[in-house]
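Notes follow once the structure below has been shown.
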Amino acid sequence: MLQVVKGRMLQAMHKGLSRQTHAQANVRMLPTYICSTPDGTEKGDLLVVELCQSHVRTMWVTLLGDGNQSPQVMYKIFSMPGDIMQGKGEALFDFIAQCVRQFLAGISSPQHHLPLGFVFPFSCRHTRLDKAELISWSKGFSCSDVEGKDIVQLLQSAINKQELYHVDVVALMNDTVGTMMTCSMAGKPCEVALVVGTGTNSCFMAMAQQVEMAEETSGQMCVSTEWGCFGDDGTLSDILTPYDQCVDEESSNPGEKRFEKLVSSLYLGEIVRHVLTALAAEKALFIGSNVAVLRTKDVLKIQQVLEIIDNEEGMAEARRALEALGLRPSERDCCRVQQICQAVVSRAATLCAAGLAAILSHMCQSQELKQLVVNVGVDSELYRGHTRFGEILQSVTGLLAPECMATLLPSIDGTGWGAAMVTAVALRLAAQRHEVDQVLAPLRLSRADLQRVQALMRQEMELGLGWESNANASVRMLPTYVCGTPNGTERGEFLVLDLGGTNFRVLLVRLAEDGIHMASKIYVIPTTITQGSGEALFDHIIECIMDFQLKHNLTEQVLPLGFTFSFPCQQLGLDKAVLLSWTKGFSASGCVGQDVVQLLQEAAQRKQHLGLKVVAVVNDTVGTMMSCGYEDPKCEIGLIVGTGTNACYMEEMQNVGAVEGEQGRMCINMEWGAFGDNGCLDDIFTDFDRLVDEKTINAGKQRFEKLISGMYLGEIVRHILLALVEKRLLFRGKPCPKLHIKGIFQTKFLSAIETDGLALRQVRAILQDLELQASLEDSVLVREVCQTASLRAAQLCAAGLAAVVEKMRKNRGLAQLAVTVGVDGTLYKMHPCFSQHLQQMLRDLAPNCTVTFLQSEDGSGKGAALVAAVACRGAEPWGQPLLPPQ
Ligand code: G6P
Ligand code: BGC
């Protein structure tokens, strides 16, 4: 039956956690906005106020930040006037505020800002740690004008009325939360807490993304289950006894808090009384005694029940208690009363165990753990009052949740210290939040920033297109001699080289009636080659071609070759391209200023490879646009966001200053990676970007690329993490030698860490591989840094593209432009939300353009073959002469 109860509690908990069913849930699973547990660095003076059943306790806590194992505490208890619990709400909060004033008056407290944490043991709906409205009173409280109101506001205005303007209520919490924070052992904080006192409730650290009522998506959040209402929907009807029904009918809230009425000390005495009444009525007890007294509510106090079940003195106490009621109990009566008290208390313990087991199993499942090891704080007069309760709770929990190892820790000092911890943690997190925001602020671009980048890109495009201004333009707008997109009539078999991305590939592409057939092989180009001599690089390329031809029995054929060469080149013809500069970590000597086709031919000669006929050299953006243009004729833009980044698009010939001719269009390779090399983006660059740039082999170059592309994003994140460690905001400021290694934080880690729903445990695992011991909070922060860097990259890309599509729209004098972008690149393809963020911002910056993104399936190889096919066909207008550069 207890397993069944545990199962029902689990169902009720899921109902409470889910946004769809939350409103109907009895076990409300209320977010508390407490997302962290103490880490021992919290320090400062704090005030804590606890509203307890019969008194208010005020505490002054000084935390030294030395691990806080022994904070300095002063406190004072103020008994509550009897009628205040049923009076006006204002009166209650005025009373609490007066207690605070008297308490502070009693201790020579400095007038500096004094944060206050308020322990308010009733079910509240939080929207922030310091903003929570009371859902319903319980435990005999029923003050007017409070339910539905923000408790923090009510207390703060009462405190202001006392002219305690330096006292600031910064946190409101449930007593279970205070208990959880109070109990920690050996530095291992508790992640679960139970209160079984006048009322009962529990809380635990849930995975934030499961607490759907809260917006938090990452990290943990403490949830107050409010399990007192478990069963209010009848799910416990098969275990409720007639005695429980009587207790409920006589309570101030019949039908409500059914679980609370089975386990909390406010009701156990009543349950026993009703059992005794029933048994006396059946002449099974107190024969000969006038049992009318048993009809009086609350004649049996919980203290008596606990003493009666005490092994030693129990029987004597039973007699004392019953005689005090005017009964004349026999020895047997006393024994039976003791048994009944044991049964009622044991049932309470087992039901709590079923509830606790449900929480533990939920945590184990949601953290995808084989075994959960956890500390559980327990504040309960039942637990303190009778070891048997604790033993049953511990052992039955173990039986019902064998996959969990729970250590029950009794709360010694109520919730006060814990509340101080919550307040201190809240202040620490707020301070950290502020500092983190300061570090990340320069990376967060506003819409105005992005509009400015868009306008600057447009300006640079005009400079690049201008025959006079091209020479000094940072965005070089290079004519590609590709004047049309494929029309599906291209045919033939081509060898294609694809150099410049993550992988160097040699491909065999056959353009046939029934479509395009490809075979390819990836070859590694070691850094020694990419950063060695040009001869060695091109010799290596020829060796790869020869190996490919051998494997594909092509050694006897001389196939036309299309060369995707993904670096800035001045095209002097379709098969003639002069390298302007290396990028993406390449620096092979003797190549800049050379015709790369020539370099390839010379290498072929050196390798006695006679059968090489290069008919076209294209940039990967052009190849990608052509590949996608084969599927979608509206594809007139090519975008690469991979190791590097760049874009090309179909520009009106009359705007291409460097090429004669006014008719038609030509594809322009923008080489936008160099946008900003003239300093126009300096106010966007952050210190992190400057650190990344300084460590590259082309410092000061490709500035836009270094803000966006895969080769650099990981490095940007690494430098941000180092800054956060230095400010002790991450990894507790512990030195992280591995984090100082260039390139250690790969961009693929961003994609992994930002994957939606990736458990923080997996983020931790990634950081573990880098020997970074991350707490859950650290994992959340690392994820935020990754998200911030990749979002900026996507938005900057969007600003660049917005400039392109807006120019095309204006070029064509259209109110609305519909165009397709062929896109490729590992970052765009593999990052979980880069493409979405890019498209979102593009829609915002270029609302009059409908832009479709078509991912290129087989890379730019197909595109290179298509261009080669057109070149082989010798179709016009390839002959357009290039105007001599200025
Ligand atoms: C594909 C294309 C290449 C291009 C690369 C860019 O692989 O075929 O031509 O250079 O994408 O992306 P990457 O992430 O590899 O740099
Ligand atoms: C190169 C471009 C290339 C882009 C994407 C940049 O570094 O300059 O030519 O298109 O990377 O691969």
Side-chain angles (χ1 to χ4, degrees), residues 464 474-478 480 496-507 509 518 520-525 530 562-571 577-587 591-592 596 616-628 637-649 667-677 696-698 701-714 746-748 750-751 793 797 800 822-831 834-835 854-867:
S474 58
V475 180
R476 281 173 277 204
M477 306 300 280
L478 302 164
T480 67
V496 171
L497 307 178
D498 187 351
L499 176 71
T502 313
N503 306 304
F504 168 55
R505 284 187 305 166
V506 179
L507 307 94
V509 181
M518 301 169 69
S520 70
K521 185 164 182 333
I522 290 177
Y523 292 89
V524 175
I525 305 191
T530 59
F563 190 0
T564 303
F565 185 77
S566 312
F567 300 94
C569 289
Q570 186 82 55
Q571 297 267 169
V578 174
L579 175 63
L580 298 171
S581 62
W582 282 120
T583 65
K584 295 175 284 187
F586 276 67
S587 62
C591 299
V592 173
V596 293
V617 184
V618 296
N619 182 263
D620 54 354
T621 54
V622 179
T624 300
M625 183 187 79
M626 296 299 273
S627 298
C628 297
I637 297 175
L639 171 69
I640 297 286
V641 192
T643 316
T645 183
N646 186 19
C648 72
Y649 72 103
C667 178
I668 295 297
N669 165 13
M670 298 176 66
E671 285 299 336
W672 77 5
F675 175 39
D677 287 11
T696 60
I697 60 173
N698 59 345
K701 298 288 182 217
Q702 299 293 102
R703 302 305 298 271
F704 192 57
E705 177 162 87
K706 287 171 183 170
L707 295 172
I708 294 174
S709 77
M711 187 162 195
Y712 307 102
L713 266 187
Q746 298 167 38
T747 299
K748 68 178 179 190
L750 274 84
S751 297
C797 229
V823 57
D824 206 335
T826 321
L827 181 59
Y828 184 94
K829 283 183 165 176
M830 308 310 276
H831 189 280
F834 187 98
S835 55
L854 182 56
Q855 286 198 16
S856 150
E857 283 327 315
D858 314 300
S860 61
K862 196 193 303 184
L866 289 163
V867 174

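Values below: every heavy atom of this structure, side chains too, minus hydrogens, waters and symmetry copies. Index from 1, following the sequence. Counting starts at 1 for both ligands and their atoms, following the listed order.
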Q: With sequence neighbours excluded, tell me which residues meet ring-ring contact (aromatic ring centres under 6.0 Å, His included) with Phe704.
A: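 Expected list: Trp672, Phe675.
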
Q: For side chain to side chain donor-acceptor pair (under 3.5 Å), just list the numbers for Asp677 and Ser474, CA-CA rounded to whole Å, side-chain angles, deciding distance to a tenth of an Å, and then say yes or no.
A: CA-CA 6 Å; Asp677 287 11; Ser474 58; over 6 Å; no

(Q) Please determine whether the number of non-hydrogen atoms from other residues, nucleotides or ligands lying under 6.0 Å from atom CE of Met830 exceeds 12. (A)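 Check fails, neighbour count at 12 or below.
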
Is a side-chain N or O of [X] found less than 3.5 angstrom from the main chain of [Y], in a donor-acceptor match?
{"X": "Asn698", "Y": "Gly585", "value": "no"}
{"X": "Glu705", "Y": "Thr645", "value": "yes"}
{"X": "Thr747", "Y": "Gly710", "value": "yes"}

Q.
Run the side chain to side chain donor-acceptor pair (under 3.5 Å) test on Asn669 and Asn646 for me, step by step, so that the C-alpha distance in whole Å, both residues' side-chain angles and the decisive distance to 0.1 Å come before the verdict.
A. CA-CA 8 Å; Asn669 165 13; Asn646 186 19; 2.7 Å; yes

Q: Tell me the residues surrounding ligand 1, counting only those with a heavy atom closer than 4.0 angstrom, sorted by chain and number.
A: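 Correct list: Asp498, Gly501, Thr502, Arg505, Thr564, Ser566, Asp620, Ile640, Gly642, Thr643, Asp824, Gly825, Thr826, Gly859, Ser860.
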
Q) For Lys706, what residues pass the salt bridge (charged side-chain N to carboxylate O under 4.0 Å, His left out) criterion, not counting sequence neighbours? A)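 If we apply the salt bridge (charged side-chain N to carboxylate O under 4.0 Å, His left out) test to Lys706, skipping adjacent residues, the hits are Asp693.
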
Q: Assess whether side chain to side chain contact (heavy atoms under 4.5 Å, CB included) is satisfied between Arg476 and Ser581, documenting all intermediate values.
A: CA-CA 12 Å; Arg476 281 173 277 204; Ser581 62; 3.6 Å; yes

Q: Kindly tell me which protein residues have any non-hydrogen atom under 4.0 angstrom away from an atom of ligand 2, grouped by chain and ordered by number?
A: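 For ligand 2, the contacting residues are Ser566, Phe567, Pro568, Thr583, Lys584, Asn619, Asp620, Thr621, Ile640, Gly644, Thr645, Asn646, Glu671, Gln702, Glu705.
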
